[in-house]
Amino acid sequence: MIVEVIVDVSAYPIDRPFDYIVPEELKDLVERGSRVHVPFGNRKVQGFITNIKEQTDIDTSKLKEVQSIIDVEPVVTEELLQLSKWMTNKTLCYEIDALQVMLPAALRASYKKNIKLIDSNAVDESFLALFGKKDTITYEVIEKAGYLRQMKKYLTQGSVQLETVIKQHVKAKTITKYNVIATKEYIQNQISNLAKNAVKQRELMEWLLIQEQDSFTMEELKETVNANNNVVKALIEKNILALEKAEVYREITTLEHHDTDHRFQLTEEQSVALEKINHAQNHAENTTFLLHGITGSGKTEIYLNAIENSILKGKQAIMLVPEISLTPQMTRRFKLRFGDEVAVMHSGLSIGEKYDEWRKIWRGEVKVVVGARSAIFAPFKDLGVIILDEEHESTYKQEDNPRYHARDVAIWRSEFHKCPVILGSATPSLESYARASKGVYSLLTLKARAKEQALPTVNVVDMRVELKNGNRSMFSVELADAIREKLDRKEQIVLFLNKRGFSSFVLCRDCGTVVECKNCDISLTYHRSGEQLKCHYCGHEEPVPSICPECASEHIRFFGTGTQKVEEEIAKLFPFARVIRMDVDTTRTKGSHERILKQFGDGEADILLGTQMIAKGLDFPNITLVGVLNADTTLHLADFRAAEKTFQLMTQVSGRAGRHDKEGKVYIQTYTPEHYAIELSKLQMYEPFYHKEMLVRKQYEYPPFYYLTLVQITHENVMLASEYAKLATDWLRANLSEQSMVVGPTACAISKIQNRYRYQCLIKYKKEPILIEKLQQLIKIYRTEWMKKGIILSIDLDPSTIL
DNA sequence: AGCACGCCGACT
DNA sequence: GTCGGCGTGCTC
């Protein structure tokens, strides 16, 4: 028996199955999708069985044996094996990367190098001393002691040996249980035989006699009878108690006692939408629905109902949200409705917690997973519905290999399971809305807010006028007045600082120099804490200069606006307002998101000041004012989605106001009030924006009119980077069909990151059947010829941004 | 990727 | 002479 194994080595020539012989004693254990340990070259690696066969074309003398089988049951289902093949081809990644991304990090191997002593007589004493009494020590010990040279010598001599050891990240958490294994009579009998001074033992035994359960943790024994280890040990020796190691799940607490599940009466619109979804579910139709509902229109209630219907039919459901740790309210709602049938998956969980949640799904113990992007790979066997909330969010696209889009994976899985997909958004991506308009997706529209609240009134404030009137503050007179009014009324305010593509930088007022990162083509960001300048791309830090590094002028100061600076200005303008700041600096630690939101929800602050991360999920009744301090910073990015992103962001932020019975107000401050993305977000009307933006996309030949593929080339040397970018572009131009437009090469908008110069080439096409094949050929040229020159080439099919 | 092999210049 | 630099080639 022979198995094909995809080994855990991400490299071009390794990206294919390797054949191994299955030893007799493992034959009944091998299954497709199980992990194995196999020898590979002179090391030992982990791999996935992707096929089982009896014959091979490989010279049998070269075949090695499978060393061991890690999983008695496959961790990758047949469906996911097929999906990984599809992803490999669709995103041009290695098959091993596609397989790994489907599993929780806990199941990925990490490798450790160990040194084994073979001939202790052949090595000198100080080296031998490193080993102590052991015959094997880790590579790090030798590295730290500075004996790498020595070791290499001994390696060639054969007096020591290098071994790779596969380390499993996380194990199932176990607790020790103490089970009663004796009958009551036996215990009675033992009590009467006890020595007089065995007070504690007697107490514990008597207590056990009156208990209904027969299994306890050490904590329970300690708390109730104040037993100590020795007492328990004595009872174990008397064969009354027995130890048992039991697997437990790590607890993720999301529920609080006062939470209750509210079921809402569906509105007419919601019922119509739900009926269509249920119809698809009941008739096993893999329809993709685009649920376009304005903020507050009750999309979540529809999701909950669709999932309920799938559970009723004995099926499972996947619910994706952009980054779940941002919306604990959302998780809570699912837990309340579906209780223990829900698993939760997001980046805020530890590796062990993720592993536990994944196992609940894998073992079929839950029916629903609520999670971020990678939860799309939940190993469910019979899906009834897949939902992507806020489908336009760019976090659904993974930005490194494999560069998959959760939406594409969702649709693939829905075809496999014959179940519907629901893409929900108040501001759908242009691609999705265009597909819905063409009838590829089925459009469901919710026009009314579920609780009939009025949409907030949105005011656009022209900051140029403010400047003209001598107001240099970052608060317009109108916004400042509104804040004051709300503060008086004890209502809550959210202030949003649009930071993407814009942050505080240091500029010399004499020569105009902006202090930039020495590794990257990006200005350094001023951080108040520690008076440091930081690079957000490579992490480089340096102190704020007191004189200009170019012209030595002392007129150097920071410009731009960070949340810290806004906070100071608020303190000046509204000294009695209590402010909570929410940005990368204040949310670095685990659970800080939730804590900040809870504080604000509990009314411990009047103003919540934050960046991108507050745009979503906030749903507090007392928020009646939302201020956007600088709406247009996302507008000037050199990206075809700049307008779309700005419109989405403004609409999302505005939606935070007046979600309950109090009326909401929104102020958007901008220097370009006439831009359609700003103008139309004021009206909260998606369709007009969609039509306007579609015209722009058509004119400049961008998605959804054309598909894009982005090819980026980087090198430490500018000349080489541009030279090979030219080579790649020319090759594509010569080899792709006439229907494809090959644009470039051009320097990337961020021309240098981490000391590597970046060039790119953009392929635009409506239809290009040979695209994948040609890109694979290009990759081959790159791997075999360009890579050794230090070139790095990356290909992103359907990029979400081209920066 | 990660490792062994092998060929060549620079030193004890 | 040998140490150690890195170019080349292989992994079932």
Side-chain angles (χ1 to χ4, degrees), chain A residues 1-24 26-27 30 32-70 88 92-101 108-116 118 122-124 127 138-140 142-143 146-167 400-402 714 716 720 779-794:
Chain A
M1 189 192 257
I2 288 163
V3 285
E4 288 181 10
V5 175
I6 298 290
V7 293
D8 180 23
V9 177
S10 296
Y12 183 65
I14 315 299
D15 184 34
R16 61 194 169 85
F18 284 81
D19 290 353
Y20 286 88
I21 295 170
V22 182
E24 198 60 41
L26 294 179
K27 274 187 179 167
V30 295
R32 280 156 58 92
S34 285
R35 292 169 304 155
V36 284
H37 286 152
V38 289
F40 191 69
N42 53 352
R43 47 205 171 121
K44 188 171 87 179
V45 297
Q46 205 174 82
F48 293 84
I49 298 174
T50 53
N51 248 327
I52 302 170
K53 56 190 185 183
E54 296 299 333
Q55 296 293 318
T56 179
D57 302 335
I58 308 291
D59 175 5
T60 37
S61 65
K62 283 172 97 180
L63 288 185
K64 293 182 184 171
E65 281 195 350
V66 170
Q67 189 192 323
S68 61
I69 293 186
I70 306 170
T88 304
L92 297 173
C93 67
Y94 300 135
E95 196 168 345
I96 188 66
D97 289 339
L99 287 166
Q100 298 280 28
V101 80
R108 269 168 241 163
S110 67
Y111 298 88
K112 253 183 72 172
K113 279 186 279 187
N114 281 348
I115 311 300
K116 191 178 181 187
I118 301 295
V123 302
D124 68 53
F127 188 84
T138 66
Y139 184 84
E140 286 80 50
I142 292 182
E143 194 177 24
Y147 278 89
L148 283 185
R149 298 269 147 84
Q150 289 266 28
M151 185 193 74
K152 206 179 165 190
K153 201 174 76 189
Y154 295 141
L155 266 176
T156 41
Q157 284 175 14
S159 38
V160 298
Q161 241 173 40
L162 195 65
E163 316 179 309
T164 28
V165 181
I166 301 168
K167 210 170 61 169
D400 45 279
N401 285 334
T714 71
E716 289 173 10
L720 279 176
I779 289 175
K780 192 166 185 184
I781 297 172
Y782 154 64
R783 301 281 179 194
T784 51
E785 293 168 35
W786 302 354
M787 223 165 97
K788 45 180 173 260
K789 299 254 169 42
I791 295 283
I792 293 178
L793 175 141
S794 73

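Below, read A as the first sequence line, B as the second, and so on, with proteins coming before strands; counting in each chain starts at 1. Values below: all heavy atoms of this structure, side chains included; hydrogens, waters and symmetry mates excluded. These figures come from a predicted structure and were not determined experimentally.
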* Nearest-Å distance, CZ (R43(A)) to C1' (dC10(C))? -> 11 Å
* Can you check whether V38(A) reaches V45(A) side chain to side chain, under 4.5 Å on heavy atoms? -> yes
* To do: Would you indicate, yes or no, if dC12(C) has its OP1 or OP2 atom less than 4.0 angstrom from a side-chain nitrogen or oxygen of K62(A)?
  => no
* Side chain of Y20(A) (C-beta onward), nearest among dC12(C), dA1(B), dC3(B) -> dC12(C)
* Close side-chain approach of V30(A) and V66(A), heavy atoms under 4.5 Å -> no
* Measure the distance from CZ on F40(A) to P on dC12(C) and round it to the nearest whole Å. => 6 Å
* Provide, to the nearest angstrom, the distance between the CG atom belonging to N114(A) and the P atom belonging to dC3(B). => 12 Å
* Asked: How long is the line joining CD1 of I52(A) and P of dC12(C), in whole Å?
  -> 20 Å
* Structure fact -> Of the listed dA1(B), dC12(C), dC3(B), the closest approach to the A11(A) side chain comes from dA1(B)
* Asked: Can you tell me if the side-chain N/O atoms of N42(A) get under 4.0 Å from OP1 or OP2 in dC3(B)?
  -> no
* Structure fact -> Distance col, row T50(A):OG1 vs R32(A):CZ, nearest 0.5 angstrom, shows 7.0 Å
* Structure fact -> Taken to the nearest whole Å, CG/D97(A) to P/dA1(B) is 11 Å
* To do: For the pair D19(A) and K53(A), find out whether any cationic side-chain nitrogen is under 4.0 Å from an anionic carboxylate oxygen.
  => yes
* At under 4.0 Å between heavy atoms, what does P17(A) touch on the DNA or RNA strands: base, sugar-phosphate, or nothing? -> nothing
* Roughly, in whole Å, what's the span from CD in E54(A) to P in dC12(C)? -> 21 Å
* Nearest-Å distance, NZ (K44(A)) to P (dA1(B))? -> 23 Å
* Grab the CD1-C1' distance between I14(A) and dA1(B) for me, whole Å please. => 7 Å
